[in-house]
There are 2 protein chains.
Amino acid sequence: MTIHASGSCDQCSLKVLCLPVGLPENELWQLDEIVQRRRPIPKGQVLFRMGAPFSSVFAVRTGSLKSVLLSDDGTEQVTGFTLAGELLGLDAINKGLHPVSAVALETTSICEIPFDKLDALAGQLPSLRQHFMRTMSREIASDESLLALLGQRSAEQRLAAFLLSLSMRFRARGLVADRFCLSMSRADIANHLGLTQETISRLFTQFRKQGLIEIHTRDLHLLEMDGLHRIAGIRFEPLSQTA
Amino acid sequence: MTIHASGSCDQCSLKVLCLPVGLPENELWQLDEIVQRRRPIPKGQVLFRMGAPFSSVFAVRTGSLKSVLLSDDGTEQVTGFTLAGELLGLDAINKGLHPVSAVALETTSICEIPFDKLDALAGQLPSLRQHFMRTMSREIASDESLLALLGQRSAEQRLAAFLLSLSMRFRARGLVADRFCLSMSRADIANHLGLTQETISRLFTQFRKQGLIEIHTRDLHLLEMDGLHRIAGIRFEPLSQTA
DNA sequence: GGTTTGCGATGATCCAGATCAGGGACGGCA
DNA sequence: TGCCGTCCCTGATCTGGATCATCGCAAACC
(Lines give C-alpha, C1' and ligand atoms only; values in the text may rest on other atoms or scores of the structure.)
Protein backbone atom coordinates (compact mmCIF):
# COMPACT_ATOMS: atom_id res chain seq x y z
CA MET A 1 0.00 0.00 0.00
CA THR A 2 2.96 2.21 0.51
CA ILE A 3 4.09 1.83 -3.06
CA HIS A 4 3.73 5.02 -4.97
CA ALA A 5 3.69 5.24 -8.68
CA SER A 6 5.91 8.27 -9.05
CA GLY A 7 9.46 8.12 -10.31
CA SER A 8 12.28 5.69 -10.75
CA CYS A 9 15.90 5.84 -9.70
CA ASP A 10 16.94 6.43 -13.29
CA GLN A 11 14.94 9.65 -13.47
CA CYS A 12 15.72 10.83 -9.95
CA SER A 13 17.85 13.96 -9.79
CA LEU A 14 19.58 12.57 -6.73
CA LYS A 15 20.92 9.44 -8.37
CA VAL A 16 24.43 10.89 -8.33
CA LEU A 17 24.34 11.11 -4.52
CA CYS A 18 22.13 8.26 -3.46
CA LEU A 19 22.47 4.50 -3.70
CA PRO A 20 22.59 4.37 -7.53
CA VAL A 21 26.02 6.02 -7.62
CA GLY A 22 28.23 4.26 -10.11
CA LEU A 23 25.65 1.73 -11.22
CA PRO A 24 25.49 1.15 -14.98
CA GLU A 25 22.08 1.26 -16.66
CA ASN A 26 21.83 -2.52 -16.81
CA GLU A 27 22.26 -2.86 -13.06
CA LEU A 28 20.23 0.16 -12.01
CA TRP A 29 16.91 -1.43 -12.89
CA GLN A 30 17.58 -4.23 -10.40
CA LEU A 31 17.92 -1.69 -7.62
CA ASP A 32 14.94 0.22 -8.94
CA GLU A 33 12.86 -2.90 -8.67
CA ILE A 34 13.32 -3.31 -4.91
CA VAL A 35 12.87 0.38 -4.03
CA GLN A 36 9.44 1.26 -2.67
CA ARG A 37 8.33 4.85 -3.05
CA ARG A 38 6.10 6.03 -0.23
CA ARG A 39 3.65 8.88 -0.06
CA PRO A 40 5.06 12.08 1.48
CA ILE A 41 4.95 12.34 5.25
CA PRO A 42 3.94 15.66 6.86
CA LYS A 43 6.05 17.80 9.17
CA GLY A 44 6.42 16.39 12.66
CA GLN A 45 5.47 12.85 11.71
CA VAL A 46 7.62 9.97 12.89
CA LEU A 47 9.08 7.76 10.13
CA PHE A 48 10.23 5.13 12.62
CA ARG A 49 10.43 5.11 16.37
CA MET A 50 13.41 4.22 18.52
CA GLY A 51 13.23 0.57 19.50
CA ALA A 52 11.08 -0.38 16.51
CA PRO A 53 12.20 -3.43 14.51
CA PHE A 54 14.36 -2.70 11.51
CA SER A 55 13.63 -4.12 8.09
CA SER A 56 14.43 -1.37 5.59
CA VAL A 57 16.82 1.46 5.06
CA PHE A 58 15.31 4.72 3.82
CA ALA A 59 16.49 7.26 1.27
CA VAL A 60 15.24 10.83 1.44
CA ARG A 61 13.91 12.12 -1.89
CA THR A 62 12.78 15.57 -0.79
CA GLY A 63 12.57 17.27 2.58
CA SER A 64 14.56 16.49 5.72
CA LEU A 65 14.42 14.67 9.04
CA LYS A 66 16.05 14.69 12.44
CA SER A 67 17.26 11.60 14.30
CA VAL A 68 16.54 11.63 18.02
CA LEU A 69 17.94 9.36 20.69
CA LEU A 70 15.79 9.19 23.81
CA SER A 71 17.51 8.17 27.06
CA ASP A 72 16.00 6.33 30.00
CA ASP A 73 15.70 9.52 32.01
CA GLY A 74 13.76 11.28 29.27
CA THR A 75 16.51 13.52 27.90
CA GLU A 76 16.72 13.66 24.15
CA GLN A 77 19.71 14.01 21.85
CA VAL A 78 19.36 15.05 18.23
CA THR A 79 22.08 12.86 16.73
CA GLY A 80 21.78 14.21 13.21
CA PHE A 81 19.82 15.65 10.34
CA THR A 82 19.17 13.82 7.09
CA LEU A 83 18.83 15.74 3.83
CA ALA A 84 17.59 14.72 0.39
CA GLY A 85 19.80 12.07 -1.20
CA GLU A 86 20.98 10.66 2.13
CA LEU A 87 20.28 7.29 3.74
CA LEU A 88 18.59 6.69 7.06
CA GLY A 89 18.51 3.65 9.31
CA LEU A 90 22.06 2.36 8.81
CA ASP A 91 22.55 2.36 12.58
CA ALA A 92 19.81 -0.25 12.96
CA ILE A 93 21.36 -3.05 10.90
CA ASN A 94 23.39 -4.40 13.80
CA LYS A 95 20.67 -5.21 16.30
CA GLY A 96 17.69 -5.21 13.99
CA LEU A 97 16.19 -2.43 16.12
CA HIS A 98 16.25 1.29 15.46
CA PRO A 99 18.44 2.97 18.10
CA VAL A 100 16.93 6.38 17.27
CA SER A 101 13.64 7.87 16.13
CA ALA A 102 13.33 9.75 12.84
CA VAL A 103 11.04 12.78 12.64
CA ALA A 104 10.20 14.80 9.53
CA LEU A 105 11.18 18.47 9.80
CA GLU A 106 8.99 19.43 6.85
CA THR A 107 6.86 17.60 4.32
CA THR A 108 9.19 14.82 3.24
CA SER A 109 9.11 12.05 0.68
CA ILE A 110 10.95 8.82 1.22
CA CYS A 111 12.11 5.74 -0.66
CA GLU A 112 12.07 2.53 1.32
CA ILE A 113 14.59 -0.21 0.51
CA PRO A 114 14.02 -3.61 2.17
CA PHE A 115 17.35 -4.53 3.65
CA ASP A 116 17.30 -8.25 2.93
CA LYS A 117 16.83 -7.52 -0.75
CA LEU A 118 19.47 -4.78 -0.70
CA ASP A 119 21.93 -7.16 0.93
CA ALA A 120 21.28 -9.84 -1.66
CA LEU A 121 21.77 -7.32 -4.44
CA ALA A 122 24.97 -6.09 -2.78
CA GLY A 123 26.28 -9.64 -3.15
CA GLN A 124 25.75 -9.49 -6.89
CA LEU A 125 26.71 -5.91 -7.73
CA PRO A 126 30.19 -4.90 -6.55
CA SER A 127 29.66 -1.22 -7.23
CA LEU A 128 26.46 -1.17 -5.17
CA ARG A 129 28.18 -3.02 -2.36
CA GLN A 130 31.16 -0.69 -2.42
CA HIS A 131 29.05 2.43 -2.50
CA PHE A 132 26.96 1.18 0.41
CA MET A 133 30.08 0.48 2.44
CA ARG A 134 31.46 3.90 1.61
CA THR A 135 28.19 5.43 2.79
CA MET A 136 28.39 3.66 6.13
CA SER A 137 32.05 4.58 6.42
CA ARG A 138 31.24 8.22 5.76
CA GLU A 139 28.63 8.12 8.50
CA ILE A 140 31.23 6.82 10.96
CA ALA A 141 33.79 9.43 9.93
CA SER A 142 31.29 12.26 10.18
CA ASP A 143 30.15 11.12 13.62
CA GLU A 144 33.79 11.19 14.63
CA SER A 145 34.24 14.78 13.59
CA LEU A 146 31.03 15.66 15.39
CA LEU A 147 32.50 14.06 18.50
CA ALA A 148 35.51 16.32 18.16
CA LEU A 149 33.12 19.26 17.86
CA LEU A 150 31.18 18.38 21.01
CA GLY A 151 34.23 17.36 22.98
CA GLN A 152 36.52 20.28 22.29
CA ARG A 153 34.85 23.30 20.75
CA SER A 154 33.31 26.51 22.00
CA ALA A 155 29.72 27.43 21.29
CA GLU A 156 30.59 29.76 18.42
CA GLN A 157 32.97 27.24 16.87
CA ARG A 158 30.26 24.62 16.97
CA LEU A 159 27.64 26.77 15.30
CA ALA A 160 30.02 28.05 12.63
CA ALA A 161 31.11 24.50 11.86
CA PHE A 162 27.51 23.35 11.72
CA LEU A 163 26.49 26.06 9.26
CA LEU A 164 29.48 25.33 7.04
CA SER A 165 28.78 21.64 7.12
CA LEU A 166 25.17 22.25 6.07
CA SER A 167 26.40 24.55 3.35
CA MET A 168 28.65 21.88 1.91
CA ARG A 169 25.87 19.34 1.97
CA PHE A 170 23.63 21.69 0.01
CA ARG A 171 26.40 22.36 -2.47
CA ALA A 172 26.85 18.62 -3.00
CA ARG A 173 23.17 18.63 -4.00
CA GLY A 174 23.80 21.19 -6.71
CA LEU A 175 22.20 23.97 -4.65
CA VAL A 176 23.83 27.26 -3.82
CA ALA A 177 26.15 26.92 -0.86
CA ASP A 178 25.59 30.34 0.64
CA ARG A 179 21.83 30.66 0.84
CA PHE A 180 19.46 28.09 2.23
CA CYS A 181 16.60 27.50 4.60
CA LEU A 182 17.06 25.89 8.00
CA SER A 183 14.37 23.25 8.25
CA MET A 184 15.19 22.64 11.91
CA SER A 185 14.28 24.87 14.86
CA ARG A 186 16.77 26.70 17.07
CA ALA A 187 15.99 24.14 19.75
CA ASP A 188 16.95 21.28 17.43
CA ILE A 189 20.21 22.95 16.44
CA ALA A 190 21.02 23.67 20.08
CA ASN A 191 20.31 20.13 21.17
CA HIS A 192 22.37 18.69 18.33
CA LEU A 193 25.36 20.87 19.21
CA GLY A 194 25.12 20.32 22.97
CA LEU A 195 24.09 23.93 23.63
CA THR A 196 20.89 25.77 24.52
CA GLN A 197 18.36 27.54 22.40
CA GLU A 198 19.34 30.86 23.94
CA THR A 199 22.98 30.46 23.06
CA ILE A 200 22.05 29.70 19.45
CA SER A 201 19.90 32.83 19.26
CA ARG A 202 22.66 34.98 20.73
CA LEU A 203 25.20 33.52 18.32
CA PHE A 204 23.01 34.17 15.28
CA THR A 205 22.69 37.76 16.45
CA GLN A 206 26.44 37.96 17.03
CA PHE A 207 27.28 36.51 13.60
CA ARG A 208 24.85 38.97 12.02
CA LYS A 209 26.43 41.93 13.79
CA GLN A 210 29.85 40.70 12.64
CA GLY A 211 28.56 40.74 9.07
CA LEU A 212 29.10 37.02 8.66
CA ILE A 213 25.51 36.07 7.98
CA GLU A 214 22.07 37.44 7.28
CA ILE A 215 19.20 35.57 8.82
CA HIS A 216 15.46 36.12 8.80
CA THR A 217 13.81 33.49 10.97
CA ARG A 218 14.93 30.42 9.05
CA ASP A 219 16.22 31.91 5.81
CA LEU A 220 19.95 31.95 6.08
CA HIS A 221 22.48 33.73 3.92
CA LEU A 222 26.16 33.11 4.51
CA LEU A 223 27.94 36.37 3.65
CA GLU A 224 31.48 35.50 4.67
CA MET A 225 32.28 31.83 4.49
CA ASP A 226 35.95 32.60 5.13
CA GLY A 227 35.06 34.34 8.36
CA LEU A 228 32.98 31.39 9.45
CA HIS A 229 35.82 29.03 8.57
CA ARG A 230 38.16 31.12 10.66
CA ILE A 231 35.81 30.91 13.63
CA ALA A 232 35.13 27.21 13.20
CA GLY A 233 38.87 26.56 13.18
CA ILE A 234 38.34 23.25 11.44
CA ARG A 235 38.42 22.24 7.84
CA PHE A 236 36.00 19.40 7.12
CA GLU A 237 36.08 18.41 3.50
CA PRO A 238 38.54 17.51 2.24
CA LEU A 239 40.67 16.10 5.00
CA SER A 240 44.09 17.34 4.04
CA GLN A 241 46.78 14.74 3.74
CA THR A 242 48.96 14.99 6.85
CA ALA A 243 52.42 13.62 6.25
CA MET B 1 57.61 -8.76 5.38
CA THR B 2 54.83 -7.98 7.80
CA ILE B 3 53.42 -11.47 7.60
CA HIS B 4 53.88 -13.41 10.78
CA ALA B 5 53.69 -17.15 11.06
CA SER B 6 51.63 -17.34 14.23
CA GLY B 7 48.02 -18.45 14.32
CA SER B 8 45.03 -18.73 12.05
CA CYS B 9 41.48 -17.46 12.39
CA ASP B 10 40.28 -20.98 13.11
CA GLN B 11 42.46 -21.23 16.20
CA CYS B 12 41.96 -17.65 17.37
CA SER B 13 40.06 -17.31 20.63
CA LEU B 14 38.40 -14.18 19.28
CA LYS B 15 36.78 -15.79 16.26
CA VAL B 16 33.37 -15.51 17.94
CA LEU B 17 33.69 -11.71 18.07
CA CYS B 18 35.79 -10.81 15.09
CA LEU B 19 35.21 -11.08 11.34
CA PRO B 20 34.87 -14.89 11.30
CA VAL B 21 31.55 -14.76 13.16
CA GLY B 22 29.08 -17.13 11.62
CA LEU B 23 31.43 -18.43 8.95
CA PRO B 24 31.33 -22.20 8.42
CA GLU B 25 34.62 -24.11 8.35
CA ASN B 26 34.64 -24.34 4.57
CA GLU B 27 34.42 -20.54 4.19
CA LEU B 28 36.68 -19.59 7.05
CA TRP B 29 39.83 -20.69 5.28
CA GLN B 30 39.15 -18.23 2.49
CA LEU B 31 39.15 -15.37 4.99
CA ASP B 32 42.15 -16.87 6.74
CA GLU B 33 44.05 -16.78 3.49
CA ILE B 34 43.78 -13.01 3.03
CA VAL B 35 44.53 -12.10 6.66
CA GLN B 36 48.07 -10.96 7.31
CA ARG B 37 49.38 -11.35 10.84
CA ARG B 38 51.86 -8.66 11.82
CA ARG B 39 54.47 -8.61 14.53
CA PRO B 40 53.34 -6.94 17.79
CA ILE B 41 53.68 -3.19 17.94
CA PRO B 42 54.98 -1.57 21.13
CA LYS B 43 53.13 0.89 23.36
CA GLY B 44 52.92 4.38 21.89
CA GLN B 45 53.58 3.31 18.32
CA VAL B 46 51.34 4.56 15.54
CA LEU B 47 49.58 1.89 13.51
CA PHE B 48 48.43 4.40 10.91
CA ARG B 49 48.49 8.16 10.83
CA MET B 50 45.59 10.50 10.10
CA GLY B 51 45.63 11.39 6.40
CA ALA B 52 47.50 8.25 5.39
CA PRO B 53 46.10 6.28 2.46
CA PHE B 54 43.78 3.44 3.38
CA SER B 55 44.22 -0.03 1.99
CA SER B 56 43.42 -2.42 4.82
CA VAL B 57 41.20 -2.77 7.82
CA PHE B 58 42.81 -4.05 10.99
CA ALA B 59 41.63 -6.47 13.64
CA VAL B 60 43.10 -6.35 17.12
CA ARG B 61 44.29 -9.72 18.40
CA THR B 62 45.71 -8.65 21.75
CA GLY B 63 46.20 -5.26 23.38
CA SER B 64 44.38 -2.03 22.64
CA LEU B 65 44.62 1.25 20.75
CA LYS B 66 43.21 4.75 20.79
CA SER B 67 41.94 6.64 17.75
CA VAL B 68 42.89 10.30 17.67
CA LEU B 69 41.52 13.02 15.43
CA LEU B 70 43.85 15.99 15.05
CA SER B 71 42.27 19.33 14.10
CA ASP B 72 43.85 22.14 12.12
CA ASP B 73 44.45 24.17 15.25
CA GLY B 74 46.32 21.34 16.92
CA THR B 75 43.63 20.18 19.34
CA GLU B 76 43.19 16.44 19.57
CA GLN B 77 40.10 14.36 20.14
CA VAL B 78 40.30 10.74 21.22
CA THR B 79 37.37 9.40 19.25
CA GLY B 80 37.51 5.90 20.65
CA PHE B 81 39.38 2.92 22.02
CA THR B 82 39.70 -0.40 20.23
CA LEU B 83 39.96 -3.63 22.19
CA ALA B 84 40.92 -7.15 21.18
CA GLY B 85 38.47 -8.65 18.69
CA GLU B 86 37.41 -5.28 17.28
CA LEU B 87 38.02 -3.77 13.86
CA LEU B 88 39.86 -0.57 13.10
CA GLY B 89 39.90 1.64 10.01
CA LEU B 90 36.26 1.32 8.94
CA ASP B 91 36.00 5.12 8.90
CA ALA B 92 38.60 5.30 6.13
CA ILE B 93 36.75 3.31 3.47
CA ASN B 94 34.82 6.30 2.19
CA LYS B 95 37.65 8.59 1.18
CA GLY B 96 40.47 6.10 1.03
CA LEU B 97 42.28 8.17 3.66
CA HIS B 98 42.40 7.57 7.38
CA PRO B 99 40.48 10.37 9.15
CA VAL B 100 42.12 9.49 12.49
CA SER B 101 45.43 8.16 13.78
CA ALA B 102 45.64 4.90 15.69
CA VAL B 103 48.09 4.60 18.58
CA ALA B 104 48.85 1.46 20.61
CA LEU B 105 48.12 1.87 24.33
CA GLU B 106 50.17 -1.22 25.20
CA THR B 107 52.02 -3.92 23.30
CA THR B 108 49.47 -4.86 20.70
CA SER B 109 49.21 -7.48 17.99
CA ILE B 110 47.22 -6.87 14.88
CA CYS B 111 45.79 -8.70 11.91
CA GLU B 112 45.76 -6.77 8.65
CA ILE B 113 43.04 -7.47 6.09
CA PRO B 114 43.50 -5.91 2.62
CA PHE B 115 40.21 -4.22 1.90
CA ASP B 116 39.98 -5.01 -1.80
CA LYS B 117 40.25 -8.70 -1.04
CA LEU B 118 37.83 -8.45 1.85
CA ASP B 119 35.32 -6.69 -0.39
CA ALA B 120 35.66 -9.36 -3.07
CA LEU B 121 35.16 -12.08 -0.47
CA ALA B 122 32.14 -10.19 0.92
CA GLY B 123 30.60 -10.53 -2.52
CA GLN B 124 30.91 -14.31 -2.34
CA LEU B 125 30.12 -15.01 1.30
CA PRO B 126 26.79 -13.60 2.52
CA SER B 127 27.49 -14.25 6.17
CA LEU B 128 30.82 -12.41 5.99
CA ARG B 129 29.16 -9.51 4.20
CA GLN B 130 26.33 -9.34 6.71
CA HIS B 131 28.61 -9.52 9.68
CA PHE B 132 30.80 -6.78 8.25
CA MET B 133 27.78 -4.55 7.71
CA ARG B 134 26.57 -5.24 11.23
CA THR B 135 29.98 -4.25 12.51
CA MET B 136 29.88 -0.92 10.69
CA SER B 137 26.31 -0.38 11.85
CA ARG B 138 27.30 -1.03 15.45
CA GLU B 139 30.06 1.52 15.10
CA ILE B 140 27.54 4.13 13.94
CA ALA B 141 25.09 3.31 16.72
CA SER B 142 27.76 3.44 19.38
CA ASP B 143 29.04 6.80 18.09
CA GLU B 144 25.48 8.06 18.38
CA SER B 145 25.19 7.11 22.02
CA LEU B 146 28.55 8.71 22.63
CA LEU B 147 27.20 11.89 21.07
CA ALA B 148 24.31 11.78 23.52
CA LEU B 149 26.84 11.37 26.32
CA LEU B 150 28.93 14.37 25.24
CA GLY B 151 25.96 16.53 24.40
CA GLN B 152 23.84 16.06 27.48
CA ARG B 153 25.58 14.45 30.41
CA SER B 154 27.44 15.69 33.48
CA ALA B 155 31.02 14.71 34.19
CA GLU B 156 30.07 11.95 36.62
CA GLN B 157 27.45 10.53 34.31
CA ARG B 158 29.99 10.39 31.50
CA LEU B 159 32.61 8.57 33.50
CA ALA B 160 30.13 6.09 34.99
CA ALA B 161 28.77 5.34 31.54
CA PHE B 162 32.28 4.94 30.15
CA LEU B 163 33.31 2.45 32.84
CA LEU B 164 30.13 0.43 32.36
CA SER B 165 30.60 0.40 28.63
CA LEU B 166 34.17 -0.88 29.01
CA SER B 167 32.93 -3.47 31.46
CA MET B 168 30.42 -4.81 28.95
CA ARG B 169 33.03 -4.99 26.25
CA PHE B 170 35.29 -7.05 28.50
CA ARG B 171 32.43 -9.33 29.40
CA ALA B 172 31.73 -9.90 25.71
CA ARG B 173 35.33 -11.15 25.50
CA GLY B 174 34.69 -13.76 28.16
CA LEU B 175 36.59 -11.75 30.77
CA VAL B 176 35.21 -10.77 34.15
CA ALA B 177 33.05 -7.67 33.90
CA ASP B 178 33.92 -6.16 37.26
CA ARG B 179 37.69 -6.20 37.33
CA PHE B 180 39.97 -5.03 34.57
CA CYS B 181 42.93 -2.86 33.74
CA LEU B 182 42.59 0.54 32.09
CA SER B 183 45.12 0.57 29.30
CA MET B 184 44.51 4.27 28.66
CA SER B 185 45.77 7.20 30.74
CA ARG B 186 43.55 9.58 32.70
CA ALA B 187 44.29 12.17 30.05
CA ASP B 188 43.03 9.87 27.28
CA ILE B 189 39.82 9.12 29.19
CA ALA B 190 39.31 12.81 29.89
CA ASN B 191 39.84 13.81 26.30
CA HIS B 192 37.54 11.10 25.02
CA LEU B 193 34.76 12.20 27.39
CA GLY B 194 35.21 15.92 26.75
CA LEU B 195 36.53 16.57 30.26
CA THR B 196 39.90 17.24 31.86
CA GLN B 197 42.38 14.99 33.53
CA GLU B 198 41.71 16.65 36.87
CA THR B 199 38.01 16.02 36.71
CA ILE B 200 38.64 12.34 36.00
CA SER B 201 40.96 12.07 39.00
CA ARG B 202 38.43 13.75 41.27
CA LEU B 203 35.66 11.50 40.03
CA PHE B 204 37.67 8.31 40.60
CA THR B 205 38.28 9.48 44.16
CA GLN B 206 34.61 10.33 44.58
CA PHE B 207 33.44 6.95 43.24
CA ARG B 208 35.90 5.24 45.57
CA LYS B 209 34.65 7.16 48.59
CA GLN B 210 31.09 6.22 47.62
CA GLY B 211 32.15 2.59 47.65
CA LEU B 212 31.35 2.18 43.95
CA ILE B 213 34.83 1.22 42.79
CA GLU B 214 38.29 0.30 43.96
CA ILE B 215 41.15 1.62 41.88
CA HIS B 216 44.91 1.36 42.19
CA THR B 217 46.51 3.37 39.41
CA ARG B 218 45.08 1.49 36.44
CA ASP B 219 43.68 -1.62 38.08
CA LEU B 220 39.97 -1.09 38.36
CA HIS B 221 37.44 -3.07 40.36
CA LEU B 222 33.77 -2.23 39.97
CA LEU B 223 32.14 -2.90 43.36
CA GLU B 224 28.64 -1.65 42.69
CA MET B 225 27.56 -1.81 39.08
CA ASP B 226 24.00 -0.90 40.06
CA GLY B 227 25.20 2.30 41.68
CA LEU B 228 27.17 3.18 38.58
CA HIS B 229 24.14 2.47 36.42
CA ARG B 230 22.08 4.76 38.60
CA ILE B 231 24.61 7.54 38.18
CA ALA B 232 25.03 7.00 34.45
CA GLY B 233 21.27 7.25 34.02
CA ILE B 234 21.49 5.43 30.72
CA ARG B 235 21.19 1.81 29.82
CA PHE B 236 23.36 0.84 26.84
CA GLU B 237 23.11 -2.78 25.87
CA PRO B 238 20.55 -3.97 25.21
CA LEU B 239 18.53 -1.07 23.92
CA SER B 240 15.16 -1.78 25.40
CA GLN B 241 12.30 -2.01 23.00
CA THR B 242 10.35 1.23 23.30
CA ALA B 243 6.79 0.87 22.16
C1' DG C 1 70.56 5.35 48.12
C1' DG C 2 69.57 9.42 46.02
C1' DT C 3 67.82 11.84 42.04
C1' DT C 4 64.98 12.41 38.21
C1' DT C 5 60.72 12.32 35.84
C1' DG C 6 56.11 11.52 34.79
C1' DC C 7 51.60 10.63 36.49
C1' DG C 8 47.98 11.38 39.69
C1' DA C 9 45.73 14.26 43.52
C1' DT C 10 43.98 18.48 45.26
C1' DG C 11 42.89 23.43 46.30
C1' DA C 12 41.81 28.31 44.54
C1' DT C 13 40.04 31.07 41.07
C1' DC C 14 37.49 32.34 36.91
C1' DC C 15 34.51 32.26 32.98
C1' DA C 16 31.52 30.34 29.27
C1' DG C 17 27.40 28.91 28.94
C1' DA C 18 23.19 27.22 31.55
C1' DT C 19 19.14 28.63 33.78
C1' DC C 20 15.41 31.64 34.78
C1' DA C 21 12.26 35.17 33.45
C1' DG C 22 9.91 38.38 30.43
C1' DG C 23 8.44 40.13 26.12
C1' DG C 24 7.59 40.34 21.14
C1' DA C 25 6.85 38.55 16.29
C1' DC C 26 4.64 35.52 13.41
C1' DG C 27 1.44 32.05 11.48
C1' DG C 28 -2.62 29.15 11.75
C1' DC C 29 -7.34 29.03 12.60
C1' DA C 30 -12.09 30.35 14.07
C1' DT D 1 -10.08 40.32 12.09
C1' DG D 2 -8.59 38.96 16.29
C1' DC D 3 -7.16 35.26 19.23
C1' DC D 4 -3.91 31.86 20.69
C1' DG D 5 0.09 29.03 20.51
C1' DT D 6 4.64 28.43 18.94
C1' DC D 7 8.96 30.12 18.02
C1' DC D 8 12.42 33.46 18.72
C1' DC D 9 14.99 37.15 21.15
C1' DT D 10 17.26 39.27 25.16
C1' DG D 11 18.57 40.57 29.89
C1' DA D 12 19.93 39.02 34.78
C1' DT D 13 21.79 35.63 37.60
C1' DC D 14 24.03 31.28 38.75
C1' DT D 15 27.20 27.40 38.47
C1' DG D 16 29.85 23.41 36.62
C1' DG D 17 33.87 22.49 35.12
C1' DA D 18 38.22 24.57 33.12
C1' DT D 19 42.44 26.56 34.33
C1' DC D 20 46.38 27.35 37.05
C1' DA D 21 49.52 26.08 40.51
C1' DT D 22 51.40 22.99 43.80
C1' DC D 23 52.23 18.76 46.01
C1' DG D 24 52.88 13.65 46.70
C1' DC D 25 54.14 9.36 45.08
C1' DA D 26 56.29 5.61 42.64
C1' DA D 27 58.82 3.65 39.04
C1' DA D 28 63.18 4.22 36.44
C1' DC D 29 67.96 5.38 36.26
C1' DC D 30 72.36 6.03 37.63
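Per chain, numbering begins at 1; letters A, B, ... match sequence-line order.
Whole-Å rounding puts the A:L203 CG to D:dC8 C1' distance at 14 Å. For the pair B:H216 NE2 and D:dA26 P, the computed distance is 11 Å after rounding to whole Å. In this entry the distance linking CZ of A:F207 with C1' of D:dC9 reads 16 Å, nearest Å. Per the geometry, CD1 belonging to A:I189 stands 13 Å off P belonging to D:dC7, to the nearest Å. Atom P of nucleotide C:dC7 and atom CG of B:D188 are separated by 10 Å, given to the nearest angstrom. Atom CG in A:L159 sits about 12 Å away from atom P in C:dG17, given to the nearest Å. If you take CG of B:L182 and P of C:dC7, they are 15 Å apart, rounded to a whole angstrom. For B:Q206 and C:dA9, the CD to P distance is 13 Å, given to the nearest whole Å.
Between A:R186 and D:dC8 there is a side-chain N or O to OP1 or OP2 distance below 4.0 Å. In terms of phosphate contacts, B:S201 brings no side-chain nitrogen or oxygen within less than 4.0 Å of OP1 or OP2 of C:dG8. Dashed line: the shortest gap from a side-chain N or O of B:T196 to OP1 or OP2 of D:dA18 is under 4.0 Å. Distances shorter than 4.0 Å separate some side-chain N or O of A:T205 from OP1 or OP2 on D:dT10.
The residues A:R173 and A:E86 are annotated as salt-bridged, a charged nitrogen and a carboxylate oxygen being separated by less than 4.0 angstrom.
Contact annotation: side chain of A:E198 to base of C:dC20, donor-acceptor pair present below 3.5 Å. For A:R202 against C:dT19, a side-chain N or O and a base N or O form a donor-acceptor pair under 3.5 Å.
Residue-level contact check: B:T199 touches the backbone only, with heavy atoms under 4.0 Å from sugar-phosphate atoms and none from bases. As judged by a 4.0 angstrom heavy-atom cut-off over every strand, A:R158 is placed among residues making no nucleic acid contact. At a threshold of 4.0 angstrom between heavy atoms, the contacts of A:I200 with the nucleic acid are absent.
The side chain of A:S154 sits closest to C:dG17 out of C:dA18, D:dC8, C:dG17. The side chain of A:R218 approaches D:dC8 more closely than any other nucleotide in the set C:dA9, D:dC8, D:dG17.
Both A:T217 and A:A155 sit near DNA chain C, but only A:A155 has its closest nucleotide nearer the 5' end.
Inspection of the B:S142 and B:S145 side chains reveals no N or O donor paired with an N or O acceptor under 3.5 Å. A donor and an acceptor atom, one from each side chain of A:T75 and A:D73, are located under 3.5 Å apart.
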- Could you go step by step and tell me if A:L220 and A:L166 meet the side chain to side chain contact (heavy atoms under 4.5 Å, CB included) rule? CA-CA 11 Å; A:L220 181 63; A:L166 269 187; over 6 Å; no
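Atom CD of B:E144 and atom CG of A:L69 lie 7.0 Å apart (nearest 0.5 Å).
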